[in-house]
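Below is one structure; the comments refer to it alone.
Keep in mind it's a predicted model, so treat the numbers as computed, not measured. One-based numbering along the sequence shown.
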Amino acid sequence: MSHKYMPHSEEDIRLMLDKVGVESLDDLYSDVPASVIFSKEYDLPSCMSEIELRKHFKELADKNTPLTVFAGQGAYDHYSPSVIPHLLSRSEFYTAYTPYQPEISQGTLQYIFEYQSMISELTGLEATNASMYDGATAAAEAMFMLVASSKKRNRVLISATVNDNVRKVVETYTKFHGIELTVVPEKDGVTNLDSIDEELAKGDVAGVMLPTPNKYGIIEDFTGVADKVHAAKGYFAIYADPSTLAVLKTPGEWGADVACGDGQTLGMPLSFGGPYLGFISCNKGMLRKMPGRIVGATKDIDGKRGFVLTLQAREQHIRREKATSNICSNQSLMALYATIYLSLMGDKGLKEVNKLSCDGAHYLYHKLIATGKFQPAFNKPFLKEFVVKTDLDMKKVNDYLLKKGIMGGRIIGDGMVEFAVTEKRTKEEIDTLVNLMLEA
């Protein structure tokens, strides 16, 4: 055997190679250009003792520079209660995969049920899946739901105020599924609702997707949008930050049929971009168009409460080319993370998170305006994130801030810069940020 830990014998390998019609394992990669094949020796350290290994990893970890974060745009530095990683690392959770056998998966099924219940409460919709990889792919799957639910329509409207990265992912999905995506222009930092009226009048729109809050942090007003979309025989989806739904009007209250978004704001650390959590909620009428699984509560023959997989798309197992979505392991670990976070915070805690974030964001906003170096970009309501205009060289300013251990505002072009403040930022940190920016 050529590889110590591979179970195949030389005879096994030869039989498989003969079956596919090649001479050697290397022939399987014959179409890979030689220029991209690594042909050197791997630069790996020699074996180490436990003490040496711990020291080595500590040295690697010390190369990271912890930053005080004032940027947002889809990923926010919210507080993560210390108990969460301890509960996540319990073996019955950490090794959990897909709960196909309810008789031995009651714990996994229960927390998925609790997760779905809490997200549904936040969104104001009747059902929630478990779950998607991130907000961007959740938005793309929600778009598929809009098209699948409409009758012979394949055009979807998406607002230009949806996070740019999310919109690009949705555009990629449409390209390969024959769906026409029309970007609704923005006006003064919010969706141009008049443009939506014009597009709906054409009679070919399957659905509309709008954000709350939007990419500028602005809280948009969707009064009357759902009625107009439904009157045009379309469906309405809202891309939402789930944390903010504790204090903002929910997608259900706006009359949306579908809600989607990224659960990163539910205490998940930034972690260089993941893992995060995508969610989709919908009304019962669209339930069978939703990807993923639905866990329900029931009773066994003795009348005791139990949990089962109530709905799952069989195409994911037997006809994958017709699947709504091939998702699996992320339904467990990150959904559990969100479940623990929401359980710890509760209604009161989530409202407090938003109050502290809102107070801090408005304090920073007014401090920046008072310097005379920044001007309001939009005169619109915001919660924890906002955009201002400046003539300062923000690249130079941000480079200076990095040297001081601070991640400053995100440059978004045209002299505009975005700042986000969460409950983790103190008054002292905000004052330091403003003073350092003036120094730079």
Side-chain angles (χ1 to χ4, degrees), residues 72 74-76 78-81 84 110-139 141-142 145 162-163 166 209-214 217 219-220 222 226 236-268 276-284 286-287 290-297 330-331 334-358 383-385 422-423:
Y76 304 89
H78 282 290
Y79 172 67
S80 301
I84 297 179
Q110 180 172 351
Y111 75 67
I112 292 176
F113 177 82
E114 301 293 355
Y115 161 80
Q116 293 173 168
S117 299
M118 287 187 275
I119 298 296
S120 291
E121 187 172 348
L122 282 174
T123 61
L125 296 172
E126 294 171 306
T128 296
N129 76 342
S131 55
M132 309 302 299
Y133 289 116
D134 56 25
T137 52
E141 297 288 351
M145 291 175 64
V162 171
N163 182 286
V166 172
M209 184 177 293
L210 305 178
T212 183
N214 71 19
I219 303 165
E220 298 197 30
F222 300 142
F236 183 29
I238 291 180
Y239 185 87
D241 173 347
S243 175
T244 67
L245 297 180
V247 294
L248 298 181
K249 203 169 182 178
T250 68
E253 289 173 320
W254 284 122
D257 305 290
V258 182
C260 58
D262 202 308
Q264 184 274 329
T265 56
L266 301 178
M268 295 175 193
Y276 292 164
L277 171 73
F279 73 88
I280 299 179
S281 297
C282 69
N283 287 321
K284 285 183 180 178
M286 300 185 75
L287 186 60
M290 184 163 61
R293 299 170 176 84
I294 303 295
V295 173
N330 197 59
Q331 73 165 53
M334 301 318 293
L336 174 59
Y337 195 113
T339 304
I340 299 172
Y341 176 84
L342 289 169
S343 300
L344 291 169
M345 289 298 178
D347 180 65
K348 182 178 178 181
L350 271 184
K351 289 179 179 177
E352 184 68 13
V353 165
N354 281 282
K355 182 181 185 304
L356 292 171
S357 301
C358 183
L383 186 60
K384 64 183 175 185
E385 186 172 19
T422 68
E423 75 281 11

Requested in this report: Mind checking the OH-CE spacing from Y111 to M118? Nearest 0.5 Å is all I need.
Outcome: 12.0 Å

Query raised in the report: Which value, rounded to the nearest 0.5 Å, describes the distance between L356 atom CG and K384 atom NZ?
Result: 12.5 Å

**Report entry** Those residues that, when tested against S117, pass side chain to side chain contact (heavy atoms under 4.5 Å, CB included) (two or more places apart)
**Finding:** F113

Query raised in the report: Only one of D262, N214, T212 clears side-chain contact (heavy atoms from CB on, under 4.5 Å) with Y239; which?
Result: D262

Query raised in the report: Which value, rounded to the nearest 0.5 Å, describes the distance between M268 atom CE and L277 atom CG?
Result: 4.5 Å

Report task. Would you name the heavy atoms of M145 and I280 that are closest together and state the gap between them? Result -> SD-CG2, 3.7 Å

Query raised in the report: With distance as the sole criterion, is a donor-acceptor pair present between the side chains of T123 and S281 under 3.5 Å?
Result: yes

Report summary line: Rounding to 0.5 Å, atoms CG (L266) and OH (Y76) come to a distance of 13.0 Å

For residues 340-353, run the donor-acceptor check on the side chains, cut-off 3.5 Å, and write out each pair with its distance to 0.1 Å, sequence neighbours left out.
| from | atom 1 | to | atom 2 | distance (Å) |
| --- | --- | --- | --- | --- |
| S343 | OG | T339 | O | 2.7 |
| D347 | OD2 | K351 | NZ | 3.3 |

Query - Donor-acceptor contact present, side-chain S131 to main-chain F279, <3.5 Å - result: no

Query raised in the report: Does A75 have any side chain to side chain contact (heavy atoms under 4.5 Å, CB included) partners at least two apart in sequence or in another chain, and if so, which?
Result: Q264, L270, Y276

Query - Any side-chain donor near an acceptor of the partner, Y337 and S80, under 3.5 Å - result: yes

Requested in this report: State, with a plain yes or no, whether a side-chain heavy atom of K249 is found less than 4.5 Å away from one of F222.
Outcome: no

Requested in this report: State which residues pass salt bridge (charged side-chain N to carboxylate O under 4.0 Å, His left out) with K355; sequence neighbours excluded, sorted by chain then number.
Outcome: D359

Query raised in the report: Shortest non-hydrogen contact from A139 to M209?
Result: O-CE, 3.4 Å

Report task. For L287 and A127, work out which heavy atoms get closest and say how close. Result -> CD1-CB, 3.6 Å

Report summary line: Rounding to 0.5 Å, atoms CD1 (I112) and OG1 (T128) come to a distance of 12.5 Å

Query - Within-4.5 Å side-chain heavy-atom neighbours: C260 and E141 - result: no

Report task. Can you sort out the partners of P213 under side chain to side chain contact (heavy atoms under 4.5 Å, CB included), two or more places apart, ordered by chain and number? Result -> D241, T244, L248

Report task. Evaluate the criterion side-chain hydrogen bond (donor to acceptor under 3.5 Å, both in side chains) for residue pair N354 and S357; output intermediate values, then yes/no. Result -> CA-CA 5 Å; N354 281 282; S357 301; 5.8 Å; no

Query raised in the report: What residues form a side chain to side chain contact (heavy atoms under 4.5 Å, CB included) with N283, not counting sequence neighbours?
Result: L125, E126, D257

**Report entry** For the student: nearest non-hydrogen atoms of P251 and I238, plus distance
**Finding:** CA-CD1, 3.8 Å

